[in-house]
Structures are given as structure tokens and as C-alpha cells.
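Numbering of ligands and ligand atoms starts at 1, following listing order. One-based numbering along the sequence shown.
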Amino acid sequence: MAGKGCSLCGKPAVIRLFDPERRLCADHLLADCAERVGAALEGRIAPGDRVAVGLSGGKDSRLLLILLHRLLASSEGVHLVAITIDEGIAGYREETMEAAAELTSRLGVDHRILSFSRLFGADLDALLTNRVEQGCTVCGVLRRRALEVGAADAHATVIATGHNLDDEAQSVLMNLLRGDLPRMVLDTSGGLPECFIPRIKPLSILSEKEITVCLMVMGEFVDLPECPYAGGALRGEVREILANLEFRYPGTMRRLISSRDQVRDIVGAIPRQGEIQRCLQCGGTASGEICSVCRVLERSDISSGTMIDERDTDAIDR
Ligand SMILES: [Zn+2]
Ligand SMILES: [Zn+2]
């Protein structure tokens, strides 16, 4: 990158992007990302909305909160509340919780913390005894529910999560590889009255690389430990395949997501009203008689070797 300037102003570039090909200086990178996220929010958030931001403290959710705080500051009557889920992962959560608390207090954003132990009676480490390999799946199912509970408690009208372009593209390909088209076209961004609050992913147009460099030039990058349970087997392989394809054919991830959106447009909104049931055990939303939360919690006591299907989780809720 040395010696080459920003494609827009000639100042020293901090990032080289390939879709489309361009180099950007710090100012133009930030402006570009903020503008694209702003456009992605168009029509998604209205005056009077209460937006619950899933804040793990990691980089994606960090940038999400910073950008939403900036972009919505001028919106009349939009209220932000950050929700951090404490899964109870020893040696990992402490630092990210601190980072989340520091950021919210500096921005002056309401911050709520919900723990697995309070919501589900045990922390993740305890729930994963004898099934560590299912860590991401169990955690994903429970974290999704925890965020819904936190958002409902905060009277949120929208939930925003920090999924990035890479996460989204991986999820599309994973669903395709599993032959699970219904899950691939599932779209929760519009919500479903009485069932769930709309969930939006404003960063899903930004690559992991753009997010990392944005935080670095803002002086907001915090080097945090990786989750000890990170990475399901399939997601790890899909991540590598897509990173290789993106390198050789820039725009691959964006086009993959666009293919999914085209299928969504053809089949129409899913889930439809009436397709969601109430779980017989906990009353939560379920696609069958028993919700995925009750299933993963029950299995903690059963020493059956049955794998919980990874498709129960949408993607990693950052
Ligand atoms: Zn520039
Ligand atoms: Zn249930």
C-alpha cells in the first residue's frame, strides 16, 4: 500500500479494496462505510423506535454501536440500548464485558447485561460439560433467545446485530451445502407481530477487513481474546473457501448474498404469520412443538451421542 494514495483525494491510503477496486484514506474509508450503513438503515428505523443493539464487546458489535450512535444522533426520538449477554465463559468474557461497559458509558448509551446463569440456570461452561464440540451451536441458540428477552425487557422495537458480510456469506453457503433452502430464505428483518421483534444487520454490507480497519483508524480497535469455543467445523471450512474465492474473484461474497436476496424476492416473506408456534415447554417461539432453546437445554442432562443440528443457529450473533 506504501506510496499509493487514496483514489478519491490522493492522501495516504489505509486500505485497498477490490470490489470495486479502490484505495481509501482514513477519512474516505470512514465516510464510505458510514454512508453505506446509513443507506442500509433506510426504512428500517423510524422516529420513536427503540433499538436494542447486541453488544458482545467484540469488533463487529463495537463498530455497530459507534455507527448507530453517530447516524441516529440526529434522528428524532430514536433510543439506543446496548444489550450484552454474559454467557459465562471463564477467561474470555471478562475482558469483552469490560470493553462493552467502557464503550457504552463513554457514548452515554443505556447498557443492560443478561447472563445465561440467570436466564437458563447455568453458565455456558457448565452447560457444555461432556459436549464441548457443540459449544457454538448451544451458545448460538441460547444467545439468540437471551437477546430477544433483553430486547423485550427494554421495550425495543428493533434488534440490531453486528453480523458482517463475511458472516452472512458463510451462512448462505452453509445453508446451501446442507440443502436447507427454507432456512436460507428465512428473513426476520421485518419481524412478526406477537412473535418476534424485527432483527436487522446493518453491517452486513461491510467486510470483516473494512470493519477492522475502520476501528483501527478510529482508535477504537481493542485486541480481545478469541472465544475458546469458536468455530464449528463446517463454518471453519466455508470461511476458508469463501476467503479464497473472494481473493481470486472480488465480489464473490456480495454476489452470494445477492443470490439469496433474489430467491427471497421470488418466494416472498418467510416466516409467514401462522407458521410460528409457541413452545409447549417455555412458551417461546418455535418452528415445532418444542423450541430449540428447550432442546439444547434438555440435552445437557442427556448423555445421548446425538448431535444438535448446527442449523438451529442463524449465525454467530456478535
Ligand atoms: Zn481520501
Ligand atoms: Zn421452549
Determine whether more than 12 heavy atoms belonging to other residues, nucleotides or ligands lie under 6.0 Å from atom CD of Glu289. no
So which N/O/S atom does His28 have closest to the Zn ion (ligand 1)? ND1
Regarding Glu210 and Ser207, do their side chains bring together a donor and an acceptor under 3.5 Å, going by distance alone? yes
Is the shortest side-chain heavy-atom distance between Arg260 and Leu176 below 4.5 Å? no
Working for side chain to side chain donor-acceptor pair (under 3.5 Å), residues Glu208 and Thr212: CA-CA 6 Å; Glu208 205 174 320; Thr212 304; 5.5 Å; no
Where the Zn ion (ligand 2) is the corner point, what angle links SG of Cys291 with SG of Cys282, to 10°? 100°
Quick one: angle Cys6 SG - the Zn ion (ligand 1) - Cys25 SG, to the nearest 10°? 110°
Output field for angle at the Zn ion (ligand 2), Cys294.SG vs Cys279.SG, rounded to 10°, should show 110°
